[in-house]
Amino acid sequence: MGLTFAVLLAVISYVVAPMLIELAEDKNDNIKAQFDDFRENEKVPEHALDWIAIGLMWMLLLGVTMFFASALVGKDPKKESLKTMSASPANKKAMIKQMQRDLKEAKKQQKQQKRK
């Protein structure tokens, strides 16, 4: 789904970026002169300005959507995913602490089962 969304944003950028270039040229003569100088440069490919604008707009749209997606998802208040992960076997102290927590939790559950 993410790849499809990225391709969709690329298509939107492909359509909208040239329009924005034309709008900027219509609004400001200085920008139009600079764009014309850039286009007349022999070392630059013919539609390089359009492709640069498309790429920048695509990156901007991806960044904005990633920001809003991460802001809307938020954090897990209980952090269940971190609780289910055990410590790294290379870290002996963390493994001992994890085993002690697991043992304590098992004893707690056992007491609750006896009460029922």
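Below, each value reflects all heavy atoms present in this structure, side chains not excepted, and no hydrogens, waters or symmetry copies.
Note that the CG atom of Leu20 and the CG atom of Asp50 stand 11.0 Å from one another [nearest 0.5 Å]. Atom CD of Glu22 is separated from atom NZ of Lys27 by 13.5 Å, given to the nearest 0.5 angstrom. For the atom pair Met95 CE and Lys92 NZ, the distance stands at 7.5 Å (nearest 0.5 Å). For the atom pair NZ (Lys108) and CD (Glu105), the distance works out to 5.5 Å, reported to the nearest 0.5 Å. Atom CD of residue Gln100 and atom CG of residue Leu103 lie 8.5 Å apart, to the nearest 0.5 angstrom.
Using a 4.5 Å cut-off between side-chain heavy atoms of Ile, Leu, Val, Met, Phe, Trp and Tyr, with links allowed through other members, Phe35 and Leu56 fall into the same hydrophobic cluster. Linking Ile, Leu, Val, Met, Phe, Trp and Tyr whenever their side-chain heavy atoms come within less than 4.5 Å puts Met57 and Phe5 in one cluster. A continuous path of Ile, Leu, Val, Met, Phe, Trp and Tyr side chains, each step under 4.5 Å between heavy atoms, connects Val16 with Leu8, placing both in one hydrophobic cluster. Under the 4.5 Å side-chain contact rule for hydrophobic residues, Ile31 and Ile21 share a cluster. Residue Trp58 is grouped with residue Met66 when hydrophobic side chains (ILVMFWY) are merged at heavy-atom distances under 4.5 angstrom, including chains of intermediate members.
At most 12 non-hydrogen atoms from other residues, nucleotides or ligands lie less than 6.0 angstrom from OH of Tyr14.
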Quiz prompt | Stepwise side chain to side chain donor-acceptor pair (under 3.5 Å) test for Gln112 and Arg115 | solution = CA-CA 5 Å; Gln112 289 177 352; Arg115 290 182 187 172; over 6 Å; no
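The two residues Pro18 and Ser13 come nearest to each other via the heavy atoms CD-O, 4.1 Å.
Electrostatic pairing of Arg39 and Asp36 counts as a salt bridge here, judged by a charged N lying under 4.0 Å from a carboxylate O.
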